[in-house]
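Reviewing the structure listed below.
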There are 2 protein chains.
Amino acid sequence: MVKAERIRIYDVARVAGVSVATASKALNDTGRMTEATRQRVKQTAASLGFRPNAMARALTQHRSFTVGLLTNDTYGRFTLPVMAGISEALVDEGVSVFLCGIEDDAALARLHVDAMLDKQVDGIIATGKRIDRRLPVDLSGLPVPVVYAFTEGPDDAVTLVSDDAQGAREATEWLLGKGRQRLVHITGPQSFASVTARARAFSAAAGAGAAILYGTWSEAWGHEAVAQFWSSGAPRPDAIFCGNDQIARGVVDALRERGVAVPEDVSVIGFDNWEIVAAATRPPLTTVDMNLKELGREAGRLILELAEGKPVEPGVRKLPCKLVVRQSCGGDAIAPSDKGEAPQEI
Amino acid sequence: MVKAERIRIYDVARVAGVSVATASKALNDTGRMTEATRQRVKQTAASLGFRPNAMARALTQHRSFTVGLLTNDTYGRFTLPVMAGISEALVDEGVSVFLCGIEDDAALARLHVDAMLDKQVDGIIATGKRIDRRLPVDLSGLPVPVVYAFTEGPDDAVTLVSDDAQGAREATEWLLGKGRQRLVHITGPQSFASVTARARAFSAAAGAGAAILYGTWSEAWGHEAVAQFWSSGAPRPDAIFCGNDQIARGVVDALRERGVAVPEDVSVIGFDNWEIVAAATRPPLTTVDMNLKELGREAGRLILELAEGKPVEPGVRKLPCKLVVRQSCGGDAIAPSDKGEAPQEI
DNA sequence: CAGGTTTGATAAAACGGTTTCTCACGACTC
DNA sequence: GAGTCGTGAGAAACCGTTTTATCAAACCTG
């Protein structure tokens, strides 16, 4: 850690033989001057390795090139892809992201929001683990724009969510397209908006007669649901669409234990495309990907526009899900375009 | 989003009937003045809802109350707990964290580091997904302090890692303490330093005769290893210590499929305490927790000390792991003190 | 060639704080 | 009662940029 004195614009100006004002304008491509002068300043800056002090710049421009990401999904499989997308959209604009994990603690949330405002963030993106719950803090009336991504915000806010209904519809239609006839939907608690949205879409596509079983978001529930079905006298399904990948994994495991072949006898589709679950299932799960990274990218773009003062239409934007085809629903996958995250190490 | 004019210290000074200089000193508990004046200023500030502009403050103090977290573990089950710990240690000091995910992209890393330096971060914490690999960027010679957490740094750096050997030893001794006699270690690729450290500690505790099987970090490998063992004529183990929770889950599933009872016939212990795997395994996994959150907390404390100019002894600090007892290794758990993360929702 | 217009560049004033230096004043000393 | 000292408070400089206002010189125009 060598304390190399940082070059200031003052140094650039001196070496280039111009005033600080001229240097500033040269480097920002503003103001008027001969092209020669501008180039000379730029050259000197480059050769000196000048990098402007963002703090000083922020002070005059009222723009910190910094945004805050607030989330209650601390151990988050939802926040991380969203964060990656945001970062990807913003890094090229020189914008950095403060990540603030607030459990469900209103005081902690307040603390983080205040810290962010003190640091003059250009905007705040709120995200969470549930599309139909609010963060434990009121973000309206803040002096900076706010975008809600994968969490509920006020009615007049800019909000981004994934399109549960569309995702469920595509999955269901895919199963029907495979010639499956007796579809069942095994999903999470009915108290989740996502659950009812997906269930409705499933019913619409599969027919009102298709059974829907509500439970919890766990592998155990997947097991249990299969047990219920197989022990009852009811006609057995040839396709099961699950509310998330964990349930799907439980279902697949339970079927295997019963000697039911997946996908030959029963096709299974999950939801979330949570690699670590979907890829470890035997056979690997076909599943609905919520495109959270793209959702993050879009959130980044929107917050940037708002920060620049551009008008953005408020309202809820639904982003489409994408079916990721693996082996659990019957082989002849259309080129899966499976994103294939880097293999998990250690 | 109401643009409420932000209160400046100038406003506080005017209302309190003092100069800006006095106001500043009053609020920062510096300088000399009557207690009455100080209190009056503080009261006015509070009633006006004054919050100092962190940018302006940073400019003079050369302290931004901001640190950067650089990681290549983008979808990270390692980074997240570390991040949570860091944040926890720093939020009370008013320090915010820039999270920068660099895949394994040197150019991207450079971009983020430069952005962070421009923003005058007080320090950088580097973290990753492997204890024995470096990030694709050289962080030495930076004008700010650096702490390495769960990733390799230069020899003269401040580095924090979990104590693999101690964790493996505790797991092994726990199994021996349960009266188990024929121990086996099924683990990941030998190219990982963690693998060899854990394996050596296992050998030392279990005896040189105890078998060690190296493979990949997957459930599939856990399955396969069991298959190998059970099909060979070799004497069957009564305890299996696994290199991570995914392998352990594969092992447990394979044993169940063979009708081998866990933990009655064979005890199984995993490594990582990755809730989502450990808790979903039937029976739930006893596993070694690397205490990554505490590691993060410590990293936060250290970077803070360095930022404040306090001396910190360079070198590698090993933080102890902790055995989290669940049902997979034989019941009479000492109060598990299982951290029990909030149940996963959707 | 006087008078108006560009043009290129600069000095100085922000931005919102902190810090150093100076100073007036009452209390103490001798 | 003159000289010293400690104290509370304020003026001004500073941090590193951007931006506005200003200005001299060159350039037209009729």
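Chain identifiers are assigned alphabetically (A, B, ...) following the order of the sequence lines, protein sequences preceding nucleic acid strands; residue numbering begins at 1 within each chain.
A/Leu59 has its CG atom 9 Å from the C1' atom of C/dA14, to the nearest Å. Across the protein-nucleic acid pair, B/Ile7 atom CD1 and C/dG17 atom P stand 10 Å apart, rounded to whole Å. Atom OH in A/Tyr10 sits roughly 14 Å away from atom P in C/dA12 (whole-Å rounding). For the pair A/Glu35 CD and C/dG8 C1', the computed distance is 13 Å after rounding to whole Å. Regarding B/Gln61, its CD atom lies at a distance of 15 Å from the C1' atom of C/dT20, rounded to whole Å. Residue A/Phe65 contributes atom CZ, which lies 20 Å from atom P of D/dG16 at whole-angstrom precision. Rounding to whole angstrom units, CZ of residue A/Arg63 and P of D/dT17 are separated by 18 Å. Atom pair A/Arg8:CZ and D/dC14:P shows a separation of 12 Å (rounding to whole Å applied).
Using a cutoff of 4.0 Å between basic side-chain nitrogens and carboxylate oxygens, B/Arg110 and B/Asp138 are not scored as salt-bridged. Using a 4.0 Å cut-off between charged nitrogen and carboxylate oxygen, A/Glu152 and A/Arg134 count as a salt-bridge pair. A salt bridge does not link A/Glu88 to A/Arg301: none of the charged nitrogens lies less than 4.0 Å from a carboxylate oxygen.
Between the side chains of B/Thr44 and B/Ser47, not a single donor N or O lies within less than 3.5 Å of an accepting N or O.
Contact annotation: A/Thr60 does not reach the phosphate of C/dC15 (side-chain N/O to OP1 or OP2, under 4.0 Å).
Distance from the side chain of B/Asn53 is smallest for C/dG16 among the nucleotides D/dT18, C/dG16, D/dG16.
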Worksheet item: Are B/Met116 and B/Ile124 close enough, and set up right, to give a side chain to side chain contact (heavy atoms under 4.5 Å, CB included), and what steps lead you there?
Response: CA-CA 9 Å; B/Met116 279 157 45; B/Ile124 294 180; 3.3 Å; yes
For nucleotides 9-11 of chain C, print each protein N/O atom paired with a nucleotide N/O atom at under 3.5 Å, atom names and distance only.
{"residue": "C/dA9", "atom": "OP1", "partner": "A/Thr37", "partner atom": "OG1", "Å": "2.8"}
{"residue": "C/dA9", "atom": "OP2", "partner": "A/Thr34", "partner atom": "N", "Å": "3.1"}
{"residue": "C/dA9", "atom": "OP2", "partner": "A/Thr34", "partner atom": "OG1", "Å": "3.4"}
{"residue": "C/dA9", "atom": "OP2", "partner": "A/Thr37", "partner atom": "OG1", "Å": "3.0"}
{"residue": "C/dT10", "atom": "OP2", "partner": "A/Ser19", "partner atom": "N", "Å": "2.9"}
{"residue": "C/dT10", "atom": "OP2", "partner": "A/Ser19", "partner atom": "OG", "Å": "3.1"}
{"residue": "C/dT10", "atom": "OP2", "partner": "A/Thr22", "partner atom": "OG1", "Å": "2.6"}
{"residue": "C/dT10", "atom": "O4", "partner": "A/Lys25", "partner atom": "NZ", "Å": "2.8"}

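With hydrogens and angles ignored, the 3.5 Å screen pairs no side-chain donor or acceptor of B/Arg63 with any backbone N or O of B/Val121.
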